[in-house]
Amino acid sequence: MTIKAESRLIIAMDVTDRKEALAIAEKLGGAVDAIKVNYPIVLSCGLGIIGELKQYTNVIADFKVADIPNTNKLICEETFKAGADAIICQGFTGKDSVQACVDAAKQYGKEVFVVTEMSHPGALDFLQGHALELVDLARAAGANGIIAPATRPERLAMIRQRAGDMKILSPGVGTQGGDAASAIKAGADFVIVGRSIYNAPDPYQAAKNFIEQLRR
Ligand code: O7E
């Protein structure tokens, strides 16, 4: 199953309390296109949290998989068996490692997204200089999409041009300073928002506000 762009909003569920995560998912699941889980929630709640969140919406496993092809394949298989609809991997490990994720995803009917340039300042140290090569690598490996920064809309637009019809998921909106509407205008298909939603006094209202901005 592929994750469709409807609200264009993906919530980064980086809370570590299972009850809090499920309460947010129950309230927001119907309004967002997916929930992204990362290590904080899986390390605190276990891999089973994927299945629990999945009852509310699609789940993307942001494990930034970065190993040799065989290990990547094993990680992907366990993640898909747990119910994830998509997995995120790193591209700097090389084409064969990304290919292993793509092959596993095809077997399970799931999706793979490859990190290109990240949203934080440290991405300028190494990643930015190779971001377009990582886009090409993701495309050549047959990935469904890539990750590109909402914090640098001009870079996002450049990456969009190179990405062809691959989907772009864009983190860095809100707390990191990126703007949701600008990211979509620059070419993102989805924005990823974490703290600005789950730390808001009313996460439901905060999500609605982002969805409203994304509609314009
Ligand atoms: O800053 P927040 O709270 O809105 O959270 C952003 C989320 O996106 C968080 O889970 C972080 O790990 C992730 N992220 C980035 O912030 N920047 C990136 O460049 C990449 C990611 C990410 O999600 O990578 C895979 C999609």
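Ligands are counted one by one from 1 in listed order, and the atoms in each one are counted from 1 as well. Keep in mind that the numbers below use all heavy atoms, side chains included, and drop hydrogens, waters and symmetry copies. As the structure is a prediction and not an experimental result, all values here were calculated from the model. Quick note: residue numbers are just sequence positions, from 1.
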Only counting residues at least two apart or in another chain, list the ones meeting ring-ring contact (aromatic ring centres under 6.0 Å, His included) with Tyr56.
none
Between the main-chain N or O of Glu6 and the side-chain N or O of Asp33, is there a donor-acceptor pair closer than 3.5 Å?
yes
Under 3.5 Å: donor-acceptor pair, side chain of Lys167, backbone of Ala5
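No: the side chain of Lys167 does not pair with the backbone of Ala5.
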Pairwise distance CD1(Ile60) to CD1(Ile11) - rounded to 0.5 angstrom
12.0 Å
Using the ring-ring contact (aromatic ring centres under 6.0 Å, His included) rule, collect all pairs that involve residues 72-126, keeping only residues at least two apart or in two chains.
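Qualifying pairs, neighbours excluded: Phe80-Tyr108.
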Name the residues with a heavy atom less than 4.0 Å from ligand 1?
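Residue list for ligand 1: Ala12, Asp14, Lys36, Asn38, Asp62, Lys64, Ile88, Met118, Ser119, Ile147, Pro171, Val173, Gln176, Ile192, Val193, Gly194, Arg195.
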If a pair satisfies salt bridge (Lys or Arg N to Asp or Glu O under 4.0 Å) and one of its residues is in residues 134-145, list it, with sequence neighbours excluded.
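The answer is Asp136-Arg162.
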